Participant: 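Sending over a structure as structure tokens; questions will come in a sec.
Whatever order the structure lists them in is the order used to number ligands and atoms, beginning at 1. In this text, all values refer to a predicted model and were calculated from it rather than measured experimentally. By convention here, the first residue in the shown sequence is residue 1. Hydrogens, waters and symmetry mates are skipped; everything else that's a heavy atom, side chains included, is used.
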Amino acid sequence: MIVPPGPGADLLRVTAHLPAPALVYDLDAVAATVATLREDLSPFGEVQLLFAVKANRCPTVLDGMAALGLGGNVASATELGAALTAGLTPLSVTSPVLSAGLMERAQQAGAQIYLDNLAQVGVWGANAGLSREIGLRLRVPLEASNRSSDDRTGWSRFGLDPADRTLHQLLSRHRLNVTSLHIHAGEIRDPARAQRLAALVVAAQTVFPETESVNLGGGLTYLCADYFAAREAFTAMAATLKQSPCKPRVIFEPGMLLVALAGCLLAEVVDVRPSLGGARHVTLDASAWNLATWSVPRFWASFPARWGPTMAHDFAGNTCYEQDYFARQVDIPELCVGDRVLLSGFGAYAASMARCSHGIAQPPEWVLSNGRLISGNRDDVRL
Ligand SMILES: Cc1ncc(COP(=O)(O)O)c(C=O)c1O
């Protein structure tokens with residue numbers, strides 16, 4: 001992964017006069033990350049890359065992913081529609097809730113559907129219009145870092161146990177043949193975990209010997225932040241998969257890795273309290289609570305650029321929620337009301353899962369591509 005130390009010159013140029021608030025995604029940064037990931041995955045030989053649309057469904061970002069040759073992974077009718085409109089191909093679908101209609105629509109679109117639970121296998125099997133060759137999502141044990149404190153099972157709530165007798169009864173009743181397997185259980189934090197997941201998929205192929213493809217999911221952000229850990233993990237996974245009798249095609253479907261650091265929030269300072277708890281308290285015209293990103297926002301720049309002695313700043317959002325903070329104790333030169341700030345870390349799981357407290361509209365989305373700014377909504381407005 002390319003971890004940018006700060007904003008590139010193009011990003012600074014195009015955001016300097018952009019009205020705030022706004023979300024800006026840098027497609028050139030996405031392209032660089034995709035190229036690095038392809039390189040990291042070279043131990044597998046040929047790999048199909050799908051973008052997990054749940055991370056960012058901005059139409060122009062999806063257009064950019066399609067232009068980079070990526071397919072898409074979707075989990076709802078909305079995401080499927082967005083992926084199809086952008087021309088992402090091939091497509092995969094997995095979700096704990098899939099209606100019969102969505103199954104049909106996805107199959108018509110040529111998507112690979114991975115059934116998540118027994119109810120879905122039953123609904124699929126009973127529909128004679130659907131293929132008898134199916135994909136299954138495998139249930140996997142969770143790592144401690146992915147478990148909540150009240151989790152008593154230690155297992156992901158998604159996916160199916162290949163040894164489940166009811167599953168095999170359903171497969172034989174409906175004459176279903178499993179040809180594709182899927183595995184995903186949050187962040188893969190280290191090479192050992194990566195290898196355990198690959199071993200699980202290989203073991204499942206002894207139960208489903210007609211497996212043609214395996215989808216190893218996403219969750220690559222932490223791993224790929226460390227070049228050596230990523231190489232070790234992918235080499236070990238590829239070696240483990242080579243032991244499989246089926247020699248399946250390999251698919252990955254990262255979301256956060258491809259976009260997290262390529263997205264920024266531009267927001268305006270609407271209030272400054274000189275000293276609150278030892279820091280200048282800045283209120284912005286956007287909300288950290290509403291945008292709820294999983295990345296930690298980082299201060300990247302201010303417009304105008306401020307110089308001079310640094311002091312701690314707390315950045316609060318524009319809702320009535322007490323804990324609506326973007327970042328605290330950010331040591332930067334003194335900001336004033338009317339300044340605009342650029343915060344990084346808004347590319348993934350921000351707009352795509354935003355809340356709308358007080359009915360405050362989400363910031364409009366913009367995309368930086370080849371040095372120019374275009375609307376996130378495909379109407380191709382240039383600034
Ligand atoms: C099935 C599936 N695939 C891929 C992803 C993408 O994961 P990430 O954004 O961590 O790469 C997710 C995330 O929840 C997922 O549930």
Participant: Hey, could you give me each pair passing salt bridge (Lys or Arg N to Asp or Glu O under 4.0 Å) that has a residue in residues 57-71? Not counting sequence neighbours.
Facilitator: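 Listed by first then second residue: Asp63-Arg378.
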Participant: In chain order, what residues pass the side chain to side chain contact (heavy atoms under 4.5 Å, CB included) check against Leu167, with sequence neighbours excluded?
Facilitator: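 Side chain to side chain contact (heavy atoms under 4.5 Å, CB included) list for Leu167, sorted by chain: Leu118, Val121, Leu136, Leu160, Asp164, Leu171, Phe208.
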Participant: Please name all residues satisfying salt bridge (charged side-chain N to carboxylate O under 4.0 Å, His left out) with Arg280, sequence neighbours left out, ordered by chain then number.
Facilitator: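 Only Glu334 meet the salt bridge (charged side-chain N to carboxylate O under 4.0 Å, His left out) criterion with Arg280.
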Participant: Is the centre of the His281 ring less than 6.0 Å from the centre of the Tyr325 ring?
Facilitator: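 Yes; Tyr325 has its ring centre under 6.0 Å from that of His281.
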Participant: For ligand 1, what N or O to protein N or O distances fall under 3.5 Å?
Facilitator:
{"residue": "ligand 1", "atom": "3 (N)", "partner": "Glu253", "partner atom": "OE2", "Å": "2.7"}
{"residue": "ligand 1", "atom": "9 (O)", "partner": "Met256", "partner atom": "N", "Å": "2.8"}
{"residue": "ligand 1", "atom": "9 (O)", "partner": "Tyr349", "partner atom": "OH", "Å": "2.5"}
{"residue": "ligand 1", "atom": "10 (O)", "partner": "Gly219", "partner atom": "N", "Å": "3.3"}
{"residue": "ligand 1", "atom": "11 (O)", "partner": "Gly219", "partner atom": "N", "Å": "2.9"}
{"residue": "ligand 1", "atom": "11 (O)", "partner": "Gly255", "partner atom": "N", "Å": "2.9"}

Participant: Are Arg38 and Asp40 ion-paired here, with the side-chain N under 4.0 Å from a carboxylate O?
Facilitator: no
Participant: State plainly whether the residues Asp10 and Arg13 are in salt-bridge range, i.e. N to O under 4.0 Å.
Facilitator: yes
